[in-house]
Structure formats: C-alpha cells, structure tokens
Amino acid sequence: MANSHALNVHQARLDLGGRPILQGIDVELGPGQVLALLGASGCGKTTLLRAIAGLQPLDSGRIDVAGRDVTRLPTAQRGIGVVFQHYALFPNLSVGENIAFGLQARGDAAPAQQARVRELLDLVGLGELAARRPGELSGGQRQRVALARALAPEPALLLLDEPFSALDESFRVPLRRAFRRLQRGLDQSCVLVTHDRDEAFELADQVAVMFDGRIAQCCPPAELWQRPASWRVAEFLGAFNRLEARSAPGAWRRDRGGWIAPLAALQVDDGQAAREDWQLSATVASLHPGRLGVAVELTLTDGQALTLNLPPDARLPEPGCPMALRLPATALQWLPD
Ligand SMILES: Nc1ncnc2c1ncn2[C@@H]1O[C@H](COP(=O)(O)OP(=O)(O)OP(=O)(O)O)[C@@H](O)[C@H]1O
C-alpha cells in the first residue's frame, strides 16, 4: 500500500542533455526510516534527490510522498524539507529567524512559531544561540541550524544532500551521531545522499548503491555487507577480496564468476587451518599503514591480488617475502560476472 510508505518512487526516468541520468528507479521507504543513496561521483544521487524534491521534473515515472502523488507538484507543496551540503542559511537573519522562516511563510501565528523555534533549538542543542547570526557560528552549529530549519514545519520527508561532508571529521562524526538520535527521536523519514560508506552505514536503515543512474542494490546495511549482489557492489564497498572462480582450489573451482570473502576473513596461516579452508601462497607486494591497522597487498602465485589486514601491533612482513594464508570456507560467496 502506497499509504504505508514515507516515499515511493516508481520507475523514475530522467534525461539531461539528451542522456539518461536516472533509469528504472524504484524506491520504497517506510515511515521513520532513513534511506542513503550511496555511489561514486556522477552516478545520479543528487539528481534523484532533486527529482524527489521537485527541483528536476521526471521524464516518466511517479513519486509519492506519504501516500500522496507529488510527481507534478512544485517543491513547496510536496511536504518535504531539504538540507544541502552548503547549508544556505540567510546571513542577515538570526538563528531563531532562520528556523522560523518556513513557519512564517506558511502563516503560522507568532506564538506558535516561537514555541516551535524554542523546541527545535533545544532539540539540536542550540538553545543559547537563538539571537546569533550564521556568521557567528561554527560549521557544525550552522549545519544544526540548517537541520532545525528543515525540521521546523514537520516535513513528511527530509532530504539531505551530503549534509556533513563540508565538516571536519572531528565535527562530522559526533554531528551525524547526534543527527541519528534526533531522527530516531522524531521518527523522521529521510533520504540522504552520500558518497561516504561509513556515513551511509551508520545513518541508514536502507542503503541504495547506485551506478550509472540505476540502483544496483537496495537493502539494510548488514545485508549489503553479507550479500553484495554483484562484484561491482562488493568492489564499491571496498571490503572484500576477490578470487577468480577458475583458479580456486578443488571443488570450489567454477567456469566463470568469482569468489568473494570479507577482507577480515583472510588470515595468516598459522597451521590451524580447518580441512575445508582455502590455503593460499602469496608474496608480499606492499604495506599500507592506516589508522586501524596495516593493509598488506599480496600477489598470489597466479598473479591475482589480495589484501590482508593486520592489526597495528602485528609483526609486519617485508615486501617480497612469501606468505602462507588461509581463508575459512564459510566466509566465501560466489558471484556471477
Ligand atoms: N544539467 C545537467 N545537464 C546535463 N547533465 C547533467 C546535468 N546535471 C547533472 N548532469 C550529469 O548527470 C550525472 C549525475 O549527476 P549527479 O549530480 O546526480 O551525480 P552525483 O552522483 O550526485 O555526483 P556527485 O557525488 O559528484 O554530486 C552526471 O554525469 C552529471 O554530469
């Protein structure tokens, strides 16, 4: 039933400059849920968000917001709030006046506006700053004002375009966690555009991975990790090793496709391998220290590349060294080409 969904996009298509930018897009979002549109630059995430917002008309297909067909309605009549990456606050208005803007525009009485502004300021933790101008706030505070302004008229659907990407990581992570608490507290349905996998996985109930104007897979984050629908999705998630099906050992060998296993499943062979485990011989190609450990790039005897993640305190191998590895059979999943 369309009525039970905060958002329903059916077979959306949109061309720009004679090129299809969105094709065959279907989306269903339950009330109070967050959908993240995740994909590399140019895959059509922002265009889809703009189409839902009514800023870009569809060539065909239909968009329902809270059970109402809004396909041909202007933005202001769609029951949505929008927060863009570069939160366009009005610089000459105070924080309170910025938040009240949408309430004033729709003709709410002054006392109701004030009460709602006060409630929103408390919700986003800016109760003391109502009289300040945007120029007197930090980036994180400005983004919270932008959120409060979008939430003020209680939109059926909140659209967020890379809302945290302009912020430094030390602000971004706490702010997105605060946002998730707020969103859950308000039961606010949201669509979020992001190219940041961590952001999508932390904030969303459903993640739609997009390539070339199409949704390749849309499911809860945990399912995306466990069952990426294709090698392209797995590669985009960046957390899997792939092995050619043809060069797999014994019974695992197939004529086509590939085996994938989470990066975390590949281990140094310490002589404890179970009988079904894959045992592999590789040479260390290079080492890449990171925040959470060291990525060791390996080359198998047949030339295939693998990545082994070692903890920061592990004894590190030298480039050029041989290495014995094992992969538990239970971690492996076969994907067609
Ligand atoms: N007005 C336009 N005319 C023609 N092509 C356009 C127009 N706007 C966007 N495009 C193209 O549509 C495609 C999708 O753009 P879009 O901005 O939706 O991608 P995106 O996934 O949001 O990328 P990014 O993460 O870089 O913002 C791109 O190839 C872009 O060049």
Side-chain angles (χ1 to χ4, degrees), residues 7-29 34-63 65 70-72 74-75 78 80-89 139 142-143 146-147 150 157-169 171-173 175-176 179 189-219 221 224 228-239:
L7 172 70
N8 218 307
V9 179
H10 179 65
Q11 284 297 305
R13 183 189 170 103
L14 199 159
D15 291 7
L16 288 173
R19 245 177 10 106
I21 304 296
L22 298 177
Q23 299 182 72
I25 299 279
D26 285 324
V27 170
E28 274 183 8
L29 182 68
V34 177
L35 168 74
L37 305 176
L38 177 67
S41 183
C43 72
K45 310 178 291 290
T46 299
T47 305
L48 177 53
L49 198 82
R50 287 173 57 81
I52 297 168
L55 298 167
Q56 199 86 65
L58 291 185
D59 288 300
S60 59
R62 171 180 165 138
I63 300 173
V65 172
V70 300
T71 318
R72 274 169 241 296
T75 305
R78 291 194 174 202
I80 53 163
V82 188
V83 180
F84 288 108
Q85 178 178 352
H86 297 288
Y87 27 84
L89 297 176
R142 262 179 273 174
Q143 191 58 317
L147 266 177
L157 185 66
L158 182 64
L159 307 178
L160 304 131
D161 190 1
E162 305 261 10
F164 311 116
S165 65
L167 302 171
D168 182 82
E169 190 173 348
F171 285 116
R172 194 165 68 231
V173 175
L175 185 63
R176 77 178 184 224
F179 167 75
S189 313
C190 299
V191 180
L192 165 84
V193 160
T194 184
H195 63 270
D196 180 334
R197 298 159 190 76
D198 293 337
E199 189 165 294
F201 281 85
E202 196 168 308
L203 290 179
D205 300 290
Q206 300 279 331
V207 177
V209 179
M210 291 183 69
F211 299 123
D212 310 325
R214 294 180 183 273
I215 294 178
Q217 188 171 5
C218 183
C219 61
L224 207 52
S230 65
W231 169 240
R232 200 172 179 197
V233 172
E235 190 176 39
F236 179 74
L237 296 177

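Counting starts at 1 for both ligands and their atoms, in listed order. Numbers for residues simply follow the sequence, beginning at 1. Given the structure is predicted, the values throughout are model-derived calculations rather than measurements.
Shortest contact from atom 1 (N) of ligand 1 to any protein heavy atom: L16 CD1, 4.2 Å. Looking at atom 25 (O) of ligand 1, its nearest protein heavy atom turns out to be K45 NZ, 2.9 Å. Among protein heavy atoms, atom 12 (O) of ligand 1 sits closest to I21 CD1, 3.2 Å. At the top of the distance list for atom 15 (O) of ligand 1, counting protein heavy atoms only, stands T47 OG1, 3.7 Å. Considering only non-hydrogen protein atoms, atom 26 (O) of ligand 1 sits nearest to S41 OG, 2.6 Å. From the protein, the heavy atom lying nearest to atom 27 (O) of ligand 1 is T46 OG1, 3.7 Å. Residue, atom and distance of the protein heavy atom nearest to atom 30 (C) of ligand 1 are R19 NH2, 4.2 Å.
Polar contact with ligand 1: present for G42 (N/O pair, distance under 3.5 Å).
For ligand 1, the atoms lying closer than 4.0 Å to a non-hydrogen atom of A40 are 21 (O).
The closest approach between any non-hydrogen atom of C43 and ligand 1 is below 4.0 Å.
Within the 4.0 Å heavy-atom criterion, neither part of H195 lies near ligand 1.
Ion pair R214/D26 not flagged as a salt bridge, since none of the NZ, NE, NH1 or NH2 atoms sits closer than 4.0 Å to an Asp/Glu carboxylate oxygen.
At distances below 3.5 Å, not a single donor-acceptor pair connects side-chain atoms of N8 with backbone N or O atoms of E28.
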